[in-house]
Amino acid sequence: MTAPNTVQASSSLNASTLLPIEMAFGDFAGEFASTRRVLERYPEASGAWRPHEKSRSLSEVATHVADIVNRGTSIRTTPGMDMATRTPVAPLDSAGELLALFDGGVARFQEAMRSATSDALKEVWTLRAGPRVVLERQKGELLRFMMMSHMIHHRAQLGVYYRLLGVPVPGVYGPSADE
């Protein structure tokens, strides 16, 4: 029997029939599903909690996790972003609000990716802080780096917060100790 949340190799999967975009970003759906499971466990009205005075609060980390997918849509559909003029999302403190933010972001991202071509993903995207260029890379690379890897990193951070609060941590790449 296969454990939930694990990926099985399929003998019918033929890499030569996959589009380059599917090869590069085929894991996104599974990562979005895992992130959603983590957000579903958000402990209501615990948002002010933080493990250390230098740490972000639970609601700040969870909101960041729920909002990161919107970076992917921005990368896909715009030439860049200026952090100096970006308004951060106010911290949310309920699973329902976090899931609404996340699900809406995933839907917008998936719609933006429907028209993605290899050439479009080779375009350069620029992150600025006012006049200073912070980062400038191809969009395809940034979808992995600034969206997916970033989301996975903070999703794991959220899992540690849950563990410290006694919230059962959902499995991500197989069962967790709580499953």
Side-chain angles (χ1 to χ4, degrees), residues 1-10 22-76 81 83 86-113 127 134-135 137 139-179:
M1 184 162 136
T2 303
N5 308 327
T6 59
V7 177
Q8 288 183 322
S10 170
E22 293 170 320
M23 291 178 71
F25 307 119
D27 61 327
F28 280 17
E31 295 297 348
F32 289 147
S34 292
T35 300
R36 192 174 201 291
R37 277 193 304 281
V38 171
L39 293 171
E40 287 172 343
R41 299 271 175 104
Y42 184 85
E44 303 292 321
S46 300
W49 183 86
R50 60 185 73 226
H52 187 273
E53 64 189 33
K54 293 182 181 179
S55 299
R56 286 181 176 182
S57 70
L58 174 67
S59 63
E60 290 168 333
V61 172
T63 302
H64 187 56
V65 168
D67 183 50
I68 289 172
V69 68
N70 290 309
R71 274 347 141 265
T73 303
S74 177
I75 290 165
R76 170 63 191 97
M81 177 191 303
M83 295 185 308
R86 184 181 164 274
T87 304
V89 176
L92 304 173
D93 196 22
S94 78
E97 292 174 313
L98 291 163
L99 290 167
L101 175 63
F102 181 71
D103 291 344
V106 169
R108 285 185 296 279
F109 177 75
Q110 290 172 333
E111 181 60 33
M113 288 300 288
L127 179 64
V134 176
L135 179 70
R137 294 191 187 156
K139 290 182 175 192
E141 179 184 358
L142 290 175
L143 289 176
R144 176 71 55 195
F145 174 68
M146 278 189 62
M147 186 196 64
M148 190 52 66
S149 295
H150 192 157
M151 184 180 70
I152 291 167
H153 163 78
H154 287 294
R155 179 181 72 201
Q157 181 184 18
L158 192 55
V160 172
Y161 279 38
Y162 287 1
R163 175 69 65 224
L164 294 171
L165 286 168
V167 175
V169 178
V172 173
Y173 300 116
S176 74
D178 297 320
E179 296 179 328

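Taking NE2 from H52 and CG from L164, the interatomic distance works out to 12.5 Å, rounded to the nearest 0.5 Å. Here the straight-line distance linking atom CG of L39 with atom CZ of R37 works out to 11.0 Å at 0.5 Å rounding. To the nearest 0.5 Å, the span separating CD1 on I152 from CD on E31 amounts to 3.5 Å. Remark: Y42 OH to L158 CG distance equals 8.5 Å, nearest 0.5 Å.
Taking the side chain as every heavy atom from C-beta outward, L135 and L142 approach each other to under 4.5 Å. Counting only heavy atoms from C-beta outward, the side chains of R155 and S34 approach each other to under 4.5 Å. Within the 4.5 Å cutoff, the side chain of R137 has no heavy atoms near those of the M146 side chain. Side-chain contact between L101 and N70: present, with at least one pair of heavy atoms (C-beta onward) separated by less than 4.5 Å. Side chains of F102 and M151 form a contact here, defined as non-hydrogen atoms less than 4.5 Å apart. Between L98 and V65, the closest side-chain pair of non-hydrogen atoms is not below 4.5 Å. Contact annotation: the side chain of R71 never approaches that of H150 to less than 4.5 Å [non-hydrogen atoms, C-beta and beyond]. When side chains are defined from C-beta on, R108 does not count as touching V69, because their heavy atoms never get closer than 4.5 Å.
In this structure, R41 fails the cation-pi test against Y162, since its NZ or CZ atom is not both closer than 6.0 Å to the six-membered ring centre and inside 45 degrees of the ring normal.
Annotation for L165 and P43: closest pair CD1-CG, 4.4 Å, computed over non-hydrogen atoms. Between D93 and S46 the shortest heavy-atom distance is OD1-N, 3.4 Å. V169 and G159 get closest at one heavy-atom pair: CG2-O, 3.5 Å. In plain terms, the two heavy atoms of R56 and Y161 that are nearest each other are O-OH, 2.7 Å. In terms of heavy atoms, A95 sits closest to E40 at CB-O, 4.0 Å. The minimum heavy-atom distance linking E179 with G174 is given by the pair OE1-O, 4.3 Å.
Proximity of a side-chain donor or acceptor of T73 to a complementary backbone N or O of F109 within less than 3.5 Å is detected. In this structure, S149 contributes its side chain and R144 its backbone to a donor-acceptor pair below 3.5 Å.
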_Let's go through M113 and F28 carefully: what are the C-alpha distance in whole Å and the side-chain angles of both, what is the deciding distance for side chain to side chain contact (heavy atoms under 4.5 Å, CB included) to 0.1 Å, and is it a yes or a no?_
CA-CA 11 Å; M113 288 300 288; F28 280 17; 5.7 Å; no
*Start with the C-alpha gap between R163 and D178, add the side-chain angles, then the distance that decides, and say whether side chain to side chain contact (heavy atoms under 4.5 Å, CB included) holds.*
CA-CA 10 Å; R163 175 69 65 224; D178 297 320; 2.7 Å; yes
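Between H154 and H64, the ring-plane angle classifies as perpendicular under the 30° and 60° cut-offs.
A donor-acceptor contact closer than 3.5 angstrom is absent between the side chains of R50 and S55.
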